[in-house]
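Scroll down for the structure; my scribbles are underneath it.
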Amino acid sequence: MSLVRLNIKGISYSQTQNGAYALILNEVDGDRKLPIVIGAFEAQSIAIALEKEIRPPRPLTHDLFKNFSDRFNITVKQVIIHKLVDGVFYSSLICERENVEEIIDARTSDAIALALRFQAPIFTYKNILDKAGIYLKVNPEKEHDSSHSDDVLTDDLISEDLETPAPKDSYQSKTLEELNQLLAHAVMNEDYEKAAKIRDEISKR
């Protein structure tokens, strides 16, 4: 079976599944998307890895795994989404230490959070993409943060809910100095969703 490389297109909040987020993976050499519903913690961890400006004051679980691996010279070479059973994706971490390769089973959301930290490529098999891949246009301005359980999105969820809700808080009236103070405070309190919104407003300026 041939492997297909994927990249991360974005994360959207699901309005039909409470606490759930849709992680959208994009076929690198094609137009198909692979949507996966993931948990809020994993989505937050992925979002933080994508947001280069946000640094947690203490390492998250996936950061700890990366630090541990670095200390013992373990590298995640690639992630493979290798199986889809009853709507659940199964993934493997292809790891290497002292030129010895090991394969470790992992939840897809955890595997992708680690792939980002190791800058490792993400792959799936062509037959999985044929089965679960969809053609979907996602508004880049509305690709955002986190989610629950590694399940395939239904067509209804895809068509209705792959857009993040409008932010409740408006930061347009704040000065840049105030925004930077709010950003530092949000990161210190580990409110990364709020931090991402503030960062977006700073970027617009």
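Just so it is clear, the structure is predicted and the values come from calculations on it, not from any experiment.
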Considering all heavy atoms, the nearest [X]-[Y] contact:
X: Asp110; Y: Arg107; result: OD2-NE, 3.0 Å
X: Glu178; Y: Ser173; result: OE1-O, 4.5 Å
X: Ala111; Y: Val79; result: O-CG2, 3.4 Å
X: Gly133; Y: Leu34; result: N-CD1, 4.0 Å
X: Glu42; Y: Ser109; result: CG-OG, 3.3 Å
X: Lys83; Y: Ile128; result: N-CD1, 3.4 Å

Polar side-chain atom of [X] near backbone of [Y] as donor-acceptor pair, under 3.5 Å:
X: Ser12; Y: Ala22; result: no
X: Lys9; Y: Asn7; result: no
X: Ser69; Y: Phe65; result: yes

* To do: For Gln181, check side chain to side chain contact (heavy atoms under 4.5 Å, CB included) against everything at least two apart and list the hits.
  =>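 For Gln181 the side chain to side chain contact (heavy atoms under 4.5 Å, CB included) partners, ignoring immediate neighbours, are Glu177.
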* Is Asp63 salt-bridged to Arg117, cutoff N-O under 4.0 Å? ->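 Looking at Asp63 and Arg117, the cut-off is met.
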Compile the donor-acceptor pairs under 3.5 Å between side chains in residues 88-101 and protein atoms, sequence neighbours left out, one pair per line.
from  : atom 1 : to     : atom 2 : distance (Å)
Ser91 : OG     : Thr108 : OG1    : 2.7
Ser92 : OG     : His82  : NE2    : 3.3
Arg97 : NE     : Phe72  : O      : 2.8

Is [Y] reachable from [X] through a run of hydrophobic residues whose side-chain heavy atoms are each under 4.5 Å from the next?
X: Val28; Y: Leu129; answer: no
X: Tyr125; Y: Phe123; answer: yes
X: Leu114; Y: Ile104; answer: yes
X: Leu50; Y: Ile36; answer: yes

Nearest 0.5 Å, what's the [atom1]-[atom2] distance between [X] and [Y]?
X: Ile46; Y: Ile112; atom1: CD1; atom2: CD1; result: 5.5 Å
X: Ile81; Y: Leu3; atom1: CD1; atom2: CG; result: 11.0 Å
X: Thr124; Y: Ile80; atom1: OG1; atom2: CD1; result: 9.0 Å
X: His62; Y: Asn67; atom1: NE2; atom2: CG; result: 13.0 Å
X: Ile134; Y: Asp31; atom1: CD1; atom2: CG; result: 12.0 Å

* Asked: Is Ile8 close to Leu25 at the side-chain level, that is, under 4.5 Å between some pair of heavy atoms?
  ->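 Counting from C-beta outward, Leu25 and Ile8 do come under 4.5 Å.
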* To do: If a pair satisfies salt bridge (charged side-chain N to carboxylate O under 4.0 Å, His left out) and one of its residues is in residues 121-130, list it, with sequence neighbours excluded.
  =>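 Passing the test, one end in residues 121-130: Arg32-Asp130, Lys126-Asp130.
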* Kindly check if the number of other-residue, nucleotide or ligand heavy atoms within 6.0 Å of CG (Leu64) is above 12? =>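 Above 12, so yes.
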